[in-house]
Structures are given as structure tokens and as C-alpha cells.
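Data first, discussion second: the structure below is written as C-alpha cells.
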Amino acid sequence: MTATSAPVEPAPAPRPAPRDSRGLRTRLRKEAALAYVLLVPALVLFGVFSFYPFLRNFKLMLYETPPVPGLPAHYVGLHQILPTITSTQFTQSLVTTIIFVILVVPISLLLGLALAVAAHRKLKGMAVYRVIFSSTVVSSVAVASVVFGTLLNPVVGLLPWLGINPTPPALENTTWALPSVALITIWQFLGLSFIIMSAGLQSVPDELLEAARIDGAGSWTRFWRMTVPLLSPTIFFAVVVSTIYAFQAFGAVDILIGNQNAVRLHTNVLIYNILNTLQIESNPGAAAIMATVLFLIILGLTLLQLRFLERRVNYAR
Amino acid sequence: MAQVSFDGVTKRFGETTAVNDLTLWIPDGELLVLLGSSGCGKTTALRLVAGLEEITEGTVSIGERVVNDVDPKDRDVAMVFQSYALYPHLSVAKNIEFPLRQRGVAKDERAAKVKRAAETLGLGQLLGRKPAQLSGGQRQRVALARAIVREPTVFLMDEPLSNLDAALRVQTRADIVELQSRLKTTTLYVTHDQVEAMTMGHRIAVMSEGRLQQVAAPEDLYAKPTNVFVAHFLGSPGMNLVEGMLVENGPPDASGGGGSGSGTLCVAFAGASVPLPPEVADAVRGSGPDVVLGLRPEALHLSPDGVIAASVIIVELLGAETHVICHTETGARIIVRQGAGAAKPGIGAAVRIAVDPDPQTYHLFDATTGDRLAGP
């Protein structure tokens, strides 16, 4: 109830109340106005680069562009949705992406956790290792791709030096192209994974592990029965965040494989497929539908994360 | 059941010496309180027994066994942490059960022991809850239950009451004493609270700056503090300590009692001269001349014929008693504890403070070393 509704029956409340609440309302309105003014820059940015494209995407889904260039797109409603998402190109791209995620997420997180545990010990010079381990997070995809492209090069790279020489070369090989791209992405994720896991480890109180130690738990038991359960919200967070990122992988594929070979080498991940559908095939309608599927996948993951974060409250001491 | 002994134990963290040459013996079944202000090394000493810190020098033994290189889990000690350190992802029952599980106790036996420990501490209704769903006092009891469940030879308690509110602290204090006297388990109890120490300890070991100052039964510690630190640390409010000089034949004694020829030995400081009873005087004659005179607040009272002139700064009413905080002419602070019936002086009033004639009242310390001078 607000004070806006006129009093119908004699109010038992003391007289000055309406006067006060009117003053309060004016003040609240002023505060709200200021808040909106301050929000304007953010709203403009989000509006131009997020909200408008997002809404426009839904409109694009409803129009079909004829394969012949130059003809205008025409309204088809929801009719092109089913053919698009059942097309071989899309399903293969989705499968490729899922394989990519499965390759990238567990390995990068396990490695990140292992490095975080190793760096958590209070040893001299550990700070240097922490910087090294987390450094991959600030390296750009382009640089990482070029470096790994060189390492994987069949002539000057590291692989031939190690005696591994797949033919055709790793980045042109249907079996090895996707794992190679995954390898770069794992390396790139490792920094973030390390940072998240390290932060999680910091939040596990030392006293708890000491108590477990006195209670008779060895280091292995302490890790599995104390650290991991207490780290589970962190691990879950890392899984969701890196899955979301992995679903949107693009740079390494574009730089190392390129759109000529993406489909042939089974590296045609979703974002790449969307881009190709839009630019090479000039089919904005189909691209918009695929983008929406990707959006729904990420939305689902985000909701899962939010629900889990609520559960996390129970762990508060 | 076992005794615990520290033998010349030193612990250094880099440049800092946390525990300095500690030698201390805790007989089987005793509740020894390690008392000191924060940073005095008492918690470190406890952690050395637990095996959570490595000993730099000396040996720690539990029973007959030197445990310097024994893993914490093999020392058969249980520890209650200040933060309780309950496992947040495990239920109360699982928390209590954890040490038994780690020791491979059979399932039926585990269940029986958990039940008994929970009943001992009144946790029967809470076994299914998670620590986050418990109050501070309940968490504290879970921590105690987890400590007693496996019947260790030594309990280590690190300020277990400091996170409880005042009323609960008094209650839990008594509970722990009762529990310890029933189980008769050797207990090291760390606290900075001298009231806790006085009420709980069979003996108290006072530490300061990593060094053991004195170890004695509470009443002995209170009656005969070995140095100014202990004197001031124990008691609430602490002992009044006034710097002065030992002077023969202070003020001319009107009663003419100085028939012994040696006169009356006094502690003189600006504005006052406190005559010492003959027993005390005989014991300390020849020391000094610079001394610190220690007088407990309860051994003083305001009286027109008191020997110390002072002015009242603050009057603290505590119900059953009143603390009158005074400054002497030199600015030395003296607290007088008065009974409820005594007249309360106004702030700023000029008063005279009288000292009880009981020889036990007078504590004399060397002004340079702070050590107690020989006395009754």
C-alpha cells in the first residue's frame, strides 16, 4: 500500500503522516531520476551492441533469403526453423562443438586445479609460478594461435622434433585438427582455471584442514573429503563458465584452420558455422536460428549456475 | 591418559621467536591453562603439541614418547579450535564421526560412540543438521563432541570460548571443567582471559613474548606473582603497580613503634610513603633501592588517614563493588576496589588511600628486572 490512495475511512494514524510521505516520495522520485540519468551511458551501450542485435536476431529468424543474390528476403514465419536445425551442416557443427567442449573443459579444469593445489603451498618463489600459471589468461587468441601454429608446423615445429609426424600435418588432418585447436584453447583457459581454482582454495580455511589432519586424515583424504567438497561450488562455477566460453570458441579455428577447411576437417564449431552461414552463404535467417540455439544452450547453463549459487549459501560458515 | 612435557622448546618463524625455551610439565589428568595476551606464543605452544608446527629446538613428549617427528594423526590428541573448524559440508553426526572413520572404527561402534558423545553434550536433536544451521554455542558443543568422541590422551583447546557471548561463556566454562574432571583427560587450554584461566585451570602457565613467566596453581599465582607482568595480568582489575624507593625511616612515626633501632622501611614515591609491615621489611631489606610496589585493588580503601594522597578520576559502579580510579600526584594510576556499602567519592575529589596491614598485601618487585623480591 502506498499513500497515493486517498483515505476512504477516517485514518486512525496521526495526521502528519501524509505530509511526511509526500516529502519522502518526492525524494525517492528524485533519487530514481538520478539513477536513470547515471544508467544512461550503460543503457545506450547495451542497447546498441546487445539488446538491439538480440531483438533483431529474432526478427531475422522469420525471414528467408533466397539463394540467388540480389533478391529480397521474404517472410516465412517459423517455417525455416525446423529445416535449419535438422540440417546436417548444423547438427554436425553442434556435435563438433560438443566434442570440443568435452575435450577442453575437463582437461583445462583438472590441470588448473592441479596447478592451483601445487601453487597453494607456502614456498619461497611461489609467486613467480603463480604469475606464470595465470599468464595465459592475458595472452591473446591470435598470438597463442600463431605460436601453437608454429609448434604444430610439420617443418619447423615441435612435433617433428618430438618425432610425431602425422600425415597430413596436424592442422590439416581430419583426426588431429580439432584436438589441436582444443589444445590451444586448453592452454588459453588454463590461466583462468588456475585463477578461479586458486581463489577457491584460498577460501578453504586452513584450520579445517588442520582439524582434519589431527582427526587422522592423510593428505589424500584431506584433498578428497575436505578440499574438493568445499571447492565444489568453485569447480561448478568453473565448469559452467568455461563451458560457456568453449561453446563460443572461434579465434583459434579461424586463424589455424580457416573457413576453407573448417567443414572438411570437422572443426566447424557453432560460432564459426554461424559466421559462415551469414557471410559465405549470405543466409541471415538460418544464421539467426543457429545463434538462437546457441543462446538457449548458454541461457540453460547460466540458469543452472544461478540455481547452484543459491545452494552455495548452505556452505557459508 | 598421558602427561605432556615441553623440554627446552623453541619455535622460530623466520626472524621471530614465537616460543622461547619453554620447559613445562603437565601431569596426567591435569587441566593446564596457557595464559597470555595475543602474540605471546601460547597458541604456537599448543600447535607444537598438536604437531601442526615443527619444533625448532627442544622436545615435546606425550606420555613417554617424544613426538617431535610424529604426524598429528598419530599423536592421539584432539583439538578444539577457536573457530571450531567444523566441516561445513558434513552433518553434525558426520562431523563427530569423522575422527572415528579415519581411524577405521567399525560402523556399529562408530554409531554408538557418536550417540554417546552427542548425548554427553546435549546434541541428540541436532545430529542431522549442518554446522551452518547451528548457533555459536551449539557449534562449540559439536567441536567438543568431535574432540571427546575418540577418547584421545590429550585435549588441546585453543580459546574455545572466545566466540561465545558472555552468558554462554560462563555456562560453557563450567561445562568444560565438569567434562574434563569426569574424563580426566590431560588438557591444555589456551586463553587470553584471566578469569577463564583462574576459574578453569588446575594450574596456570603465564606466557609473555614467547617465554614462560610463571606456572602455578591459580591461588598461588594470584598471591605470589613472580614478576610485574604476572602481577598485572592476573586479577580484574589488575594489580596497582607504583614505582618508588625503599627508604629507611620514612615519615616520623607518631606511634613511636620504631623501637627495633632499624626504623621503619617504607616505599616512598612523590606525595606518599607507604610503610612496610615488619615481615615484609625484613625480607626485602637491602634490595633496591628502586622498587615497584604492587597492591591489589581489594587491599586498598579510601580513608582520611590513608598514606597515599590522590585525586579521583573515574568511579565505576559494578553493582556488588565499585572501582575508584585515582591518580597520585605523579600521575600514577591506582584503582581502589570498594564494597557496595562504601561511600562513593565524587570525581575530582581529593582522597587518601589506606593499605591493609596484612603482609600478604604487599608485593615488591625489582624496578629494573621486574622480578619479585623475596617476600613473605
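Chain A is the first sequence line, chain B the second, and so forth, proteins listed ahead of strands; every chain is numbered from 1.
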Report the distance from atom [atom1] of [X] to atom [atom2] of [Y], rounding to the nearest 0.5 Å.
{"X": "A:Arg222", "Y": "B:Lys73", "atom1": "CZ", "atom2": "NZ", "value": "9.0 Å"}
{"X": "B:Leu90", "Y": "A:Met226", "atom1": "CG", "atom2": "CE", "value": "5.0 Å"}
{"X": "B:Phe98", "Y": "A:Thr221", "atom1": "CZ", "atom2": "OG1", "value": "7.0 Å"}
{"X": "A:Asp215", "Y": "B:Arg103", "atom1": "CG", "atom2": "CZ", "value": "7.0 Å"}
{"X": "B:Arg47", "Y": "A:Ile214", "atom1": "CZ", "atom2": "CD1", "value": "8.0 Å"}
{"X": "A:Glu207", "Y": "B:Asp158", "atom1": "CD", "atom2": "CG", "value": "7.0 Å"}

Between [X] and [Y], what is the shortest heavy-atom contact and its length?
{"X": "A:Leu230", "Y": "B:Pro88", "answer": "CD2-CG, 3.2 Å"}
{"X": "A:Arg213", "Y": "B:Gly51", "answer": "NH2-O, 3.8 Å"}
{"X": "B:His89", "Y": "A:Arg225", "answer": "NE2-O, 2.7 Å"}

Does [X] have more than 12 heavy atoms from other residues, nucleotides or ligands lying within 6.0 Å of its [atom1]?
{"X": "A:Phe46", "atom1": "CZ", "answer": "no"}
{"X": "B:Phe13", "atom1": "CZ", "answer": "yes"}
{"X": "B:Glu54", "atom1": "CD", "answer": "no"}
{"X": "A:Tyr245", "atom1": "OH", "answer": "no"}
{"X": "A:Phe295", "atom1": "CZ", "answer": "yes"}

Answer with side chain, backbone, both or neither: which region of B:Asp76 has an atom nearer than 4.5 Å to a non-hydrogen atom of chain A?
neither
Tell me, for B:Arg75 versus chain A, whether the close heavy atoms (under 4.5 Å) come from the side chain, the backbone, both or neither.
neither
Could you tell me whether the side chain of B:Tyr87 and the main chain of A:Ala212 form a donor-acceptor pair under 3.5 Å?
yes
